[in-house]
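What follows is one structure encoded as structure tokens, with my remarks underneath.
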Amino acid sequence: VICFVLCTIIYAGIAVIGFLMFGDGIQSQVTLNLPRNAVATKIAIFTTLVNPLAKYALTLMPLAASLEGFFHLSSTARAHVLWSSALRTLLVSSTVLVALTVPFFAYVMAFIGSFLSIT
């Protein structure tokens with residue numbers, strides 16, 4: 001509990017300092033407020049783009065490994081690499097299909113992610 005309170009105080013302090021520095025003249029996305037041609041800006045945008053891809057792959061890995069074990073697909077056997085890739089592609093495709101067809105899916109996942117602290 002002490003750690004959560006401490007983190008909240010730190011985050012709130014940084015938010016107040018940021019507001020005092022920049023005021024209302026900032027844009028909603030952090031990367032849009034960075035200088036345009038700086039190398040640090042390009043690095044920040046790149047890491048912002050790579051982060052969700054890595055998190056999605058890491059989150060999907062246990063499910064894929066469990067399904068491979070259930071279907072007796074070994075990722076180390078040369079003959080089963082194709083089946084393993086097909087299974088992982090099917091998993092990603094199915095989640096994309098659900099995200100596109102279920103209304104307000106992004107809001108539901110954002111709520112679940114914030115509620116369960118999956119970051």
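We number each residue from 1, following the sequence as shown.
Atoms CG and CZ, on Leu87 and Phe70 in that order, are 11.5 Å from each other to the nearest 0.5 Å. Between the OG atom of Ser66 and the CE atom of Met61 there is a distance of 9.5 Å, given to the nearest 0.5 Å. Taking OG1 of Thr59 as the reference point, atom OH of Tyr56 lies at 9.0 Å (rounded to 0.5 Å). The distance from the CE atom of Met109 to the OG1 atom of Thr95 is 9.5 Å, given to the nearest 0.5 Å. Remark: Leu60 CG to Lys55 NZ distance equals 15.5 Å, nearest 0.5 Å. Atoms CZ and CZ, from Phe104 and Phe111 in turn, are 16.0 Å apart once rounded to the nearest 0.5 Å.
Take Phe19 and apply the ring-ring contact (aromatic ring centres under 6.0 Å, His included) test, not counting sequence neighbours, and it matches no residue.
Between Gln27 and Leu32 the shortest heavy-atom distance is OE1-CB, 2.8 Å.
By the 4.5 Å heavy-atom criterion applied to side chains, Leu67 and Leu91 are counted as neighbours.
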With a cut-off of 3.5 Å and sequence neighbours excluded, list every side-chain donor-acceptor pair involving residues 40-51.
| residue | atom | partner | partner atom | Å |
| --- | --- | --- | --- | --- |
| Thr41 | OG1 | Pro35 | O | 2.7 |
| Thr47 | OG1 | Ile43 | O | 3.1 |
| Thr47 | OG1 | Ala44 | O | 3.0 |
| Thr48 | OG1 | Ala44 | O | 2.6 |

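Exactly one of Thr8, Ile9, Ile2 qualifies for a side-chain contact (heavy atoms from CB on, under 4.5 Å) with Val5. That residue is Ile9.
Ile112 is connected to Val98 through a chain of hydrophobic side-chain contacts under 4.5 Å among Ile, Leu, Val, Met, Phe, Trp and Tyr, so both are in one cluster. Hydrophobic clustering keeps Phe71 apart from Leu90 (ILVMFWY residues linked when any side-chain heavy atoms are closer than 4.5 Å, directly or through intermediates). Note on Val96 and Leu53: separate hydrophobic clusters, where clusters join Ile, Leu, Val, Met, Phe, Trp and Tyr whose side-chain heavy atoms are under 4.5 Å apart, directly or indirectly.
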